[in-house]
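Encoded as structure tokens, the structure appears first; notes follow it.
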Amino acid sequence: MSTGSLHDRLQRLRRLDQLESSILGQPSAEPSLKARLERLVEVATHRERRMAPAALALEELVQGMRVENERGEFFLTETDVHLEVRHGDVPLSRFRTLDPGTVGILTAEPALARFDLSQAVFLDTETTGLAGGAGTAAFLVGLGFVEGERFRVRQYFMRDYHEEPALLHALAEDLGRFRQLVTFNGKMFDLPLLDARYRLNRVRFPLAEVPHFDLLHPARRLWRARLESCRLQALEVELLGLLRVGDLPGEQIPQVYFDYVRRRDARALARVFEHNRQDIVSLAALAVLACQWVEEGRAEDPRDVYSLARVLERARLYERSDAEYRRALALDPGPLRGAALMRLAARARRTGEHAIAAALWEEAAESGELLALRELAVHHEHRRREPGAALEAVDRALRWLEGAGSEVPRARRFATDFAKRRSRLIGKLQRGAPSTSPRRAGTPRAPA
DNA sequence: TCCGACAAGGTAGAAGTGAT
DNA sequence: ATCACTTCTACCTTGTCGGA
């Protein structure tokens with residue numbers, strides 16, 4: 001045995017003495033090393049068990065009840081808030097005074113032309129994953145709806161996989177009361193998933209024919225220009241001014257459920273119920289807010305005003321969209337200035353207001369819109385019959401392209417287009433001035 | 001008469017984004 | 001991994017007009 005290993009052994013014995021002092025109160029007199037170690041492990045394990053809180057049952061943490069039906073049983077919980085309580089700055093009582101046509105404007109879907117949020121059901125599911133397909137189940141389904149003067153959130157929960165048939169059965173009965181549905185990305189996520197679960201349980205999917213307002217896409221149209229993200233919780237922070245404390249990140253939810261099924265400890269699961277409840281209330285508040293933006297023109301940031309104008313234009317509300325584009329311009333929309341001018345000019349051209357369109361293209365060209373110079377060239381050559389003015393616009397574009405170089409997207413294509421236009425115009429000018437009067441507005445083809 | 005250019009619409013592909 | 005929907009871009013279609 002070397003001096004080194006003796007030294008090591010002494011060190012370990014000293015360390016054992018220290019451990020015994022801290023765990024047992026004093027070093028042991030027991031001569032057997034093995035016995036001393038076993039005693040230490042026993043005491044430490046016992047202490048750990050005593051200090052760790054016992055698993056808490058679901059019923060202790062979430063107010064709810066066991067529900068039984070012909071398919072088995074599941075867990076149901078309900079909470080509610082008064083409609084006058086503001087979520088962020090939005091009172092849910094506003095549901096009742098919204099115009100039923102507003103959702104139709106937000107979505108530009110004729111099927112949603114009459115949509116009453118106060119009669120709709122708001123739905124959000126928590127699932128065992130993101131993958132979809134037969135392997136992913138919705139273990140928690142939350143519904144939100146107006147009942148009297150309150151907004152009620154009802155949550156259907158399966159405590160284990162065998163409770164799914166009972167959950168789906170009760171859920172179908174409840175959903176049958178509603179003629180309209182609101183979700184956030186439900187078209188892509190919640191509905192296909194629930195549809196698959198009903199299919200696997202050989203039950204007709206209760207939401208197959210229900211008019212469905214998926215807020216994700218209108219939200220992107222309204223707010224994407226200003227906000228970096230249009231995830232539900234980003235909208236919650238930016239638009240409702242709410243910040244969740246102690247919220248469970250979505251990606252942890254499946255694991256929390258798997259742990260609950262295995263260990264019956266509901267401590268983390270209670271946070272999933274709260275997460276789901278907040279998602280539903282926020283969804284309702286954001287749906288109201290989106291409608292308010294359309295009805296009241298609430299947008300203030302010029303980027304939002306521009307986005308609102310686009311939503312209105314998409315819904316063919318041209319007078320209002322023109323007014324919002326002009327309001328955006330007055331507020332200085334920065335990089336969106338050129339785009340707003342181009343949109344206004346395109347409208348003016350379609351309504352035959354060619355002088356107004358030309359003035360807008362001129363402004364847009366000054367804001368760096370290369371396409372505005374192309375439109376100006378067309379306008380002067382074909383509408384005004386002034387090839388000289390057209391050539392001027394083309395030369396401006398070519399000079400600009402030369403200066404900006406490859407920074408301009410599609411620079412080569414533009415350069416080719418302008419060069420072709422230029423040689424044609426020079427030919428025209430060499431052959432002499434045009435013979436006829438300016439062209440009338442063409443007869444537009446009837447829409448298909 | 002033929003062809004190029006345009007208006008206004010349609011279609012298709014690519015890339016990005018949300019949901020757990 | 002999934003995919004409905006978005007914007008952007010390119011290209012196609014139909015009809016009209018004017019110049020060669």
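Letters A, B, ... mirror the listed sequences (proteins, then strands); counts begin at 1.
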By nearest atom, which of the nucleotides B:dC6, B:dA5, B:dA8 is closest to the A:Arg349 side chain? B:dA8
For the side chain of A:Arg385, starting at C-beta, report the closest nucleotide among B:dA8, B:dG18, C:dG18.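 Taking heavy atoms from C-beta onward, the closest nucleotide is C:dG18.
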At under 4.0 Å, does any side-chain N or O of [X] touch on OP1 or OP2 of [N]?
{"X": "A:Arg350", "N": "B:dA7", "answer": "no"}
{"X": "A:Arg347", "N": "B:dA8", "answer": "no"}
{"X": "A:His382", "N": "B:dA5", "answer": "no"}

Go through the side-chain N and O atoms of A:Asp190 and A:Thr125 and say whether any donor and acceptor fall under 3.5 Å apart. yes
Reading DNA chain C 5' to 3', what string of ( ), [ ], | and . shows its pairs, if Watson-Crick and G-U wobble pairs count only when both distances fall under 3.5 Å? .|||||||||||||||||||
What does the B/S/- profile of nucleotides 1-6 of chain C look like, 5' to 3', with a 4.0 Å heavy-atom cutoff to protein? BBBSSS
Pairwise side-chain contact, A:Phe189 with A:Thr183, heavy-atom cut-off 4.5 Å (strictly under):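 No. Closest side-chain heavy atoms not under 4.5 Å.
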If you define the side chain from C-beta out and look only at heavy atoms, does anything of A:Phe122 sit under 4.5 Å from A:Val153?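 A:Phe122 does not reach A:Val153 side chain to side chain.
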A:Arg347 bridged to A:Glu319 by N-O distance under 4.0 Å: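 Answer for the salt bridge query: no.
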Please report the C-alpha distance between A:Arg154 and A:Asp174 in whole Å, then the side-chain angles of each, then the deciding distance to 0.1 Å, and finally whether the salt bridge (charged side-chain N to carboxylate O under 4.0 Å, His left out) criterion is met. CA-CA 10 Å; A:Arg154 185 173 291 164; A:Asp174 204 359; 2.8 Å; yes
